[in-house]
Visitor: 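Dropping a structure here in structure tokens format, bear with me for questions.
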Amino acid sequence: MMKTIHLNHSNLEEWQKKASPTVMALGCFDGLHYGHCAVINTAYQKANEKQVPLSVMSFFPHPKTVISKGKVHVHYLMPLAEKEAKLREMGVDTFYIVEFNREFAGLSPEQFVGEYLNGLGVVHAVAGFDFTYGSRGSGNLERLKQDSCGRIDVTKVEKVELRGEKISSTCIRERLIKGKVSELLEFLGQYYKTECEWNGETFRLYPYYTLPAPGRYEVTLNHRSGSFNREIIIANDGKTLQCTGDIPLFLKGKLTIDWKKEISESRKVRIS
């Protein structure tokens with residue numbers, strides 16, 4: 001059973017005392033696309049080789065939001081609960097969610113590695129080729145072993161590409177903003193999903209998801225009672241959803257929407 005630990009400066013020492021040797025995958029991992037999965041699967045293999053548990057360290061809220069003092073609004077692709085569920089399926093033993101605040105952002109690279117990696121028993125760190133850490137992102141994988149005083153081995157996972165384009169959370173967000181949901185299957189390995197509550201009349205989107213651009217979409221509505229193919233319109237406000245066909249009343253409650261294909265151009269749909 002995977003353990004989730006919300007980590008901050010106040011409880012760090014407590015978890016350091018309980019730490020044991022681990023291989024750790026590092027990154028924000030928003031959306032858990034193919035690039036992220038390559039990092040975590042590589043860490044899983046290293047953990048098996050070393051016969052130690054596998055841990056994942058992520059950061060919340062998104063560093064860009066904190067560093068910009070709230071001026072940059074990040075469109076999240078996946079809430080923490082869904083991320084936890086997928087990491088559990090991937091064989092992760094411990095999921096550290098580090099509170100990213102101004103104090104944490106100010107740590108030197110040596111402080112971050114000493115307190116959050118050495119201090120938590122990391123013997124091998126795995127991250128994407130562009131992972132940085134420490135104040136102003138001045139730490140990188142080339143210097144991590146040195147910053148750990150030689151105690152941590154490092155594996156760099158090279159760029160995962162699709163037709164020459166790096167698979168990233170940014171490129172997924174860009175496609176959502178343009179309404180190009182049909183292209184996301186190749187980046188995520190599944191349709192882009194959002195969860196919501198349907199009360200029989202209106203949809204209420206759960207937090208930390210990003211809706212596609214206004215427009216008409218072919219979707220699948222998933223409920224514990226079954227799945228139904230429908231068309232959904234996202235209004236010009238970017239928030240209001242309307243299904244073009246009837247939804248059985250027994251589907252009231254939590255729904256997962258698989259966004260499969262854009263039907264009409266975005267930003268040209270009105271809901272009267």
Side-chain angles (χ1 to χ4, degrees), residues 1-30 32 35-63 66 80-158:
M1 180 64 70
M2 187 181 80
K3 179 187 295 184
T4 299
I5 298 171
H6 292 265
L7 202 60
N8 56 49
H9 183 71
S10 299
N11 65 13
L12 176 60
E13 186 176 354
E14 171 191 346
W15 289 110
Q16 287 173 335
K17 292 176 181 176
K18 298 177 181 179
S20 57
T22 184
V23 170
M24 180 178 284
L26 295 159
C28 282
F29 301 120
D30 186 24
L32 286 173
H36 294 151
C37 291
V39 172
I40 295 167
N41 288 334
T42 300
Y44 180 87
Q45 294 168 5
K46 291 294 180 182
N48 282 343
E49 289 172 13
K50 295 180 178 292
Q51 296 187 316
V52 299
L54 168 63
S55 58
V56 167
M57 179 176 285
S58 187
F59 310 92
F60 188 84
H62 197 286
V66 176
L80 289 174
E82 187 179 343
K83 191 183 298 187
E84 285 182 75
K86 187 160 184 181
L87 292 176
R88 192 178 296 114
E89 291 175 2
M90 295 179 75
V92 175
D93 297 295
T94 304
F95 179 29
Y96 290 106
I97 304 169
V98 177
E99 180 183 346
F100 198 99
N101 53 29
R102 300 293 295 176
E103 181 181 16
F104 180 81
L107 293 176
S108 69
E110 296 86 354
Q111 286 175 312
F112 168 73
V113 173
E115 296 177 18
Y116 286 84
L117 302 188
N118 282 348
L120 293 173
V122 177
V123 296
H124 196 114
V126 181
F129 71 100
D130 54 356
F131 178 76
T132 61
Y133 58 89
S135 179
R136 301 182 183 276
S138 53
N140 55 50
L141 294 181
E142 278 67 33
R143 59 174 283 182
L144 197 153
K145 185 165 187 173
Q146 177 185 334
D147 287 340
S148 73
C149 299
R151 291 165 56 188
I152 299 176
D153 289 325
V154 177
T155 295
K156 180 198 296 186
V157 177
E158 296 301 333

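Just so it is clear, the values below take in all heavy atoms, side chains as well, and ignore hydrogens, waters and symmetry mates.
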Visitor: Could you work out, with side-chain contact (heavy atoms from CB on, under 4.5 Å) as the rule, every residue matching A43, not counting sequence neighbours?
Guide: V23, A25, L54, V126
Visitor: Which pairs pass side-chain hydrogen bond (donor to acceptor under 3.5 Å, both in side chains) with one or both residues in residues 80-98, sequence neighbours excluded?
Guide: T4-E84, E82-Y209
Visitor: side-chain hydrogen bond (donor to acceptor under 3.5 Å, both in side chains): which pairs involve residues 36-54, sequence neighbours left out?
Guide: H33-H36
Visitor: Quick one: list whatever passes side-chain contact (heavy atoms from CB on, under 4.5 Å) with K18, sequence neighbours left out.
Guide: E14, W15
Visitor: Among all residues two or more places apart in sequence or in another chain, which pass the ring-ring contact (aromatic ring centres under 6.0 Å, His included) test with F95?
Guide: none
Visitor: For E142 and K156: C-alpha separation, side-chain torsions, deciding distance, then whether side-chain contact (heavy atoms from CB on, under 4.5 Å) applies.
Guide: CA-CA 9 Å; E142 278 67 33; K156 180 198 296 186; 2.5 Å; yes
Visitor: Could you grab the distance from atom CZ of F129 to atom CD of E158, nearest 0.5 Å is fine?
Guide: 7.5 Å
Visitor: At their closest point, which heavy atom of P109 faces which heavy atom of S138, and how far apart are they?
Guide: CG-OG, 3.3 Å
Visitor: Of all residues at least two apart in sequence or in a different chain, which pass the side-chain contact (heavy atoms from CB on, under 4.5 Å) check with A125?
Guide: L26, V122, L144, I152
Visitor: Listing request: all side-chain hydrogen bond (donor to acceptor under 3.5 Å, both in side chains) pairs with a residue in residues 53-63, at least two apart in sequence or in separate chains.
Guide: T22-S55
Visitor: Rounded to the nearest 0.5 Å, what separation is found between the CD1 atom of I40 and the CE atom of M90?
Guide: 4.5 Å
Visitor: Going by the rule side chain to side chain donor-acceptor pair (under 3.5 Å), which residues pair with N8 if we only count those two or more places apart in sequence or in a different chain?
Guide: none
Visitor: My understanding is that only residues two or more places apart in sequence, or in another chain, count here; which of them pass salt bridge (charged side-chain N to carboxylate O under 4.0 Å, His left out) with E103?
Guide: none
Visitor: Test of understanding: with side chain to side chain donor-acceptor pair (under 3.5 Å), list the residues that count as partners of Q111, not counting sequence neighbours.
Guide: S108
Visitor: Which pairs with one or both residues in residues 104-117 pass salt bridge (charged side-chain N to carboxylate O under 4.0 Å, His left out), sequence neighbours excluded?
Guide: E110-R143
Visitor: As an exercise, state the distance from CE of M57 to CZ of F29, rounded to the nearest 0.5 Å.
Guide: 10.5 Å
Visitor: Applying side-chain hydrogen bond (donor to acceptor under 3.5 Å, both in side chains), which residue pairs with at least one partner in residues 118-133 are found, sequence neighbours left out?
Guide: H124-T155, D130-K166, Y133-D147
Visitor: Can you name the closest pair of heavy atoms from P21 and P53 and give their distance?
Guide: O-CD, 3.4 Å
Visitor: With a 4.5 Å cut-off on side-chain heavy atoms, are V56 and V39 touching?
Guide: no
Visitor: Specify whether Y116 and F112 have parallel, tilted or perpendicular ring planes, treating 30° as the upper limit for parallel and 60° as the lower limit for perpendicular.
Guide: parallel
Visitor: Can you tell me how far CE of M24 sits from CG of L120, rounded to the nearest 0.5 angstrom?
Guide: 5.5 Å
Visitor: Measure the shortest side-chain to side-chain distance between D153 and V123 over non-hydrogen atoms and say whether it is less than 4.5 angstrom.
Guide: no
